[in-house]
Amino acid sequence: MKNTMLIFCLCTCLFACQKNTKQNKIAIVEELLEEPTNPAATEIWRPKPPIVTVDGANKIPSDAIVLFDGTNFNEWTSSIDSTVVNWILNSDKSMTVKNKTGDIQTKKNFGSVQLHIEWRSSKEIRANGQNRSNSGVFLQNRYEVQILDNNNNDTYVNGQVGSIYKQAIPLAKASSKTGNWNSYDIIYHTPNFDMKGNVSKQATITLLHNGVLIQDHVTIKGTTEYIGWPKNNTHGKAPIKLQDHGDNSGVSYRNIWVREL
Ligand code: MG
């Protein structure tokens, strides 16, 4: 009889505890759904974002990797044969495409990035359409942001300056005068691929041309082909590439830095 009473008491306690736990959970959920009345309830204090400072004439963030400061090609290599860069290093801390010497690319591989790059078309007008100061910034070695002197120089709009070549027409043409410096600020997020090699998340890009938003979180459909549709082969991190279009473009670059995202 004594044992029976003990078991009954334990069962009653256990049932009561389970009931209380369930009630507590309901109370917590209700509390979360309720509009907070205390400002501290919606404050988050940790983790603190890292501190980044922006100093100097070129306004380079302290956590950026400087890819070109005008003094050397140390961060770059020829895309043709991975040897030294044959482009022209200028006394004004810029570099100029040396015609038909091939594209150049970073020695480092990158994924998602914030990229700052300044470029200048040739002062001298040498050709028309796609052959006037044509170059380009290739993200992950395969997705081209077009560089072109489009001032009084029509071409197809999905291949004009600031386009994602043959994929995304820019929202505006924000070019400087021919022969003057431009800036591109790019926010790029890589595509993801599943185990079967299919794209599970497409790449996206945002582009400011001279501070003007011209590509607004645009989806990249695949490689930016001159002929044919975009391709989507699996890839990982890859170099940033600058184009020698082979038409005596005379395009120059300066002040290139990147922040890995
Ligand atoms: Mg190009």
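Along the sequence shown, the residues carry numbers beginning at 1. Not measured: the values here are computed from a predicted model. Whatever order the structure lists them in is the order used to number ligands and atoms, beginning at 1.
- No other N/O/S atom of Glu144 lies as close to the Mg ion (ligand 1) as OE2 does.
- The OE1 atom of Gln243 and the OE1 atom of Gln146 meet at the Mg ion (ligand 1) at an angle of about 160°, given to 10°.
- Comment: Arg259 engages Asp63 in a salt bridge, judged by a side-chain N to carboxylate O separation of less than 4.0 angstrom.
- Distance check, rounded to the nearest 0.5 Å: OH of Tyr226 to NZ of Lys166 gives 6.0 Å.
- Of the residues listed (Tyr184, Trp181, Phe68), the one engaging Trp119 in a ring pair (Phe, Tyr, Trp, His ring centres under 6.0 Å) is Tyr184, and it is the only one.
- Ile117 is listed as a side-chain neighbour of Leu242, based on a closest heavy-atom distance under 4.5 Å.
- Rounding to 10 degrees gives 80° for the angle at the Mg ion (ligand 1) between OD1 of Asn134 and O of Ser135.
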